[in-house]
Number of protein chains: 2
Amino acid sequence: MRLENDQRRAQLLALARTAFSARAYDDVSIDDLARDAKISKGLLYHYFPTKRVLYVAGLSAIAAELVVAVTSIPADLAPIERARAGLDAYLEHITRHRAAFISLMRGGIGSDPEVAEVIEGVRRRMFDTFVVDSPFAPLLIGNPKFEISVRGWIGFVEFTTIDWCVNPRLSRAEIRDLLTEILFEVLRVVSPPVFRTQ
Amino acid sequence: MRLENDQRRAQLLALARTAFSARAYDDVSIDDLARDAKISKGLLYHYFPTKRVLYVAGLSAIAAELVVAVTSIPADLAPIERARAGLDAYLEHITRHRAAFISLMRGGIGSDPEVAEVIEGVRRRMFDTFVVDSPFAPLLIGNPKFEISVRGWIGFVEFTTIDWCVNPRLSRAEIRDLLTEILFEVLRVVSPPVFRTQ
DNA sequence: GTGGGCTATTGACTTCAGGTCAATACGGGA
DNA sequence: TCCCGTATTGACCTGAAGTCAATAGCCCAC
């Protein structure tokens with residue numbers, strides 16, 4: 001069946017997302033995908049020049065959705081509420097797209113620079129959402145200890161979240177509150193004394 | 001040149017470790033390795049039945065060395081000193097085997113279960129070293145919030161450490177102390193009030 | 001020393017998946 | 001109805017993983 005460029009592209013992208021979420025990169029063959037789409041392999045290569053490009057396109061779409069979910073929270077919240085709401089959105093989104101999230105974060109192709117860049121982009125956006133946009137950020141940005149700690153906290157979140165996907169021993173609210181609390185403890189540890197209100 | 005089984009095996013393992021540390025899994029070909037070892041490809045397959053097995057063998061060796069480095073610290077230290085010493089050994093070892101460490105943690109084959117198991121083994125050993133062997137552990141083990149937090153902290157460490165390898169903005173001692181401090185803050189947050197001495 | 005057997009070693013072969021390309025089918029506009 | 005652009009095909013190429021029957025070198029019994 002002949003399809004318009006955009007429709008065919010969207011169909012292939014959707015198929016790829018499903019396949020790469022369910023199976024590992026190497027376990028998804030282009031022939032399989034073409035067969036699923038009921039087209040020839042040549043046509044698939046007409047739309048995506050390499051398997052890796054197709055994979056990255058799918059991954060980017062997943063990442064973009066995650067970023068939208070996390071960053072579309074009210075801007076006028078207090079820092080701690082902002083973090084809590086962002087984490088809530090993050091966890092909610094992940095709950096609904098478990099397989100996609102895991103394949104995103106586990107990085108099907110460990111060392112591919114483009115894949116790394118996609119994941120890094122998600123982290124940067126999270127960093128911005130949780131910290132840069134907060135009122136005291138201007139005083140913290142540029143402080144290595146601070147920046148390193150916040151990135152470390154993001155590692156904490158990713159780790160915890162992946163564990164949680166596999167084996168949810170705490171409720172979403174509990175995880176959210178735990179991560180929030182730890183973020184602020186971390187900030188307290190690395191902040192200049194002026195911020196240590198407790 | 002004809003070699004004894006063990007020697008040939010060791011030679012191939014060493015070559016593989018070097019190659020896989022320097023380049024990505026897919027960028028290392030069996031033909032290359034065989035050529036480097038000045039043997040035929042068939043012989044290589046006589047020693048390691050698949051490329052993946054060879055890769056995992058190299059990775060396991062790297063992981064084992066890291067574990068040895070971290071766990072061979074005096075057993076009679078106070079918990080906080082134990083953690084600090086363990087982290088010091090960890091960072092020292094990583095400094096000396098940067099490429100190997102990064103290839104271990106980035107997981108050249110993201111979704112391979114055996115690779116995941118190797119990395120998971122390292123984490124488990126670190127968990128044990130830093131926490132289980134400490135005096136108050138019996139009261140904390142089994143508490144989900146606690147276990148999740150410590151695993152999260154390990155994520156914090158891995159993240160921070162990889163960043164640090166690429167862009168060392170703090171000294172090793174500073175990173176070590178930061179990670180130690182954060183571990184104890186995390187423990188404080190999730191511990192029953194009885195442990196909150198500060 | 002020599003013949004026999006064990007094992008390290010070879011190299012040509014197979015397989016399979018990613019990627020290429022010239023040729024074709026289809027549809028809309030003049 | 002013809003023409004042209006583009007979606008589509010399928011046969012082909014390539015390179016790397018993995019196989020295997022055959023060989024070469026060494027040690028030991030005689």
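Worth knowing before you read on, the calculation uses all heavy atoms, side chains too, and leaves out hydrogens, waters and symmetry mates. All chains are named by letter (A, B, ...) in the order of the sequence lines, taking the proteins before the strands, and each is independently numbered beginning at 1. No experiment lies behind these values; they were computed from the predicted model shown.
- In this structure, the nucleotide among C:dT9, C:dC26, C:dA8 sitting nearest to the side chain of A:Arg2 is C:dC26.
- Of all the residues in residues 44-54 of chain B, B:His46, B:Tyr47 reach under 4.0 Å from DNA chain C with at least one non-hydrogen atom.
- Using a 4.0 Å heavy-atom distance criterion, A:Leu43 is classed as a base contact.
- At whole-Å resolution of the value, CG in B:Asp6 and P in C:dA8 are 10 Å apart.
- C:dC13 atom P lies 21 Å from atom CD1 of B:Ile30, rounded to whole Å.
- A donor-acceptor distance shorter than 3.5 angstrom exists from the side chain of A:Trp153 to the backbone of A:Leu179, with no hydrogens or angles considered.
- If you measure from atom CZ of A:Arg35 to atom P of D:dG10, you get 14 Å, rounded to the nearest angstrom.
- For B:Arg172, the CZ atom is densely surrounded, since the number of other residues' heavy atoms within 6.0 Å is greater than 12.
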Q: Assess whether salt bridge (Lys or Arg N to Asp or Glu O under 4.0 Å) is satisfied between A:Arg151 and A:Glu120, documenting all intermediate values.
A: CA-CA 11 Å; A:Arg151 283 189 62 81; A:Glu120 190 54 34; 3.0 Å; yes
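- Of the candidate nucleotides D:dG25, D:dA17, D:dT8, D:dA17 has the atom nearest to the side chain of B:Lys41.
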Q) Stepwise, does the salt bridge (Lys or Arg N to Asp or Glu O under 4.0 Å) test hold for A:Arg96 with A:Glu65? A) CA-CA 12 Å; A:Arg96 281 213 268 255; A:Glu65 287 175 5; over 6 Å; no
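- The cationic group of A:Lys51 lies under 6.0 Å from the six-membered ring centre of A:Tyr25 and within 45° of the ring axis, placing it in a cation-pi geometry.
- For B:Arg8, no side-chain nitrogen or oxygen approaches OP1 or OP2 of C:dT7 to under 4.0 Å.
- Atom pair A:Leu3:CG and C:dG27:P shows a separation of 11 Å (rounding to whole Å applied).
- Here the P atom of nucleotide D:dG5 and the CG atom of A:Asn5 are 17 Å apart, to the nearest Å.
- As a whole-Å value, the separation of A:Lys38 NZ from D:dT9 C1' is 17 Å.
- Proximity of a side-chain donor or acceptor of A:Arg9 to a complementary backbone N or O of A:Tyr47 within less than 3.5 Å is detected.
- Residue contacts for A:Ser29: at a heavy-atom cut-off of 4.0 Å it reaches the sugar-phosphate backbone alone, with no base atom in range.
- If you measure from atom CD1 of A:Ile39 to atom P of D:dT9, you get 7 Å, rounded to the nearest angstrom.
- Distance, B:Asp32 CG to D:dA17 C1': 13 Å, rounded to whole Å.
- Interatomic distance, CZ of A:Phe20 versus CG of A:Leu54, reported as 5.0 Å (0.5 Å rounding).
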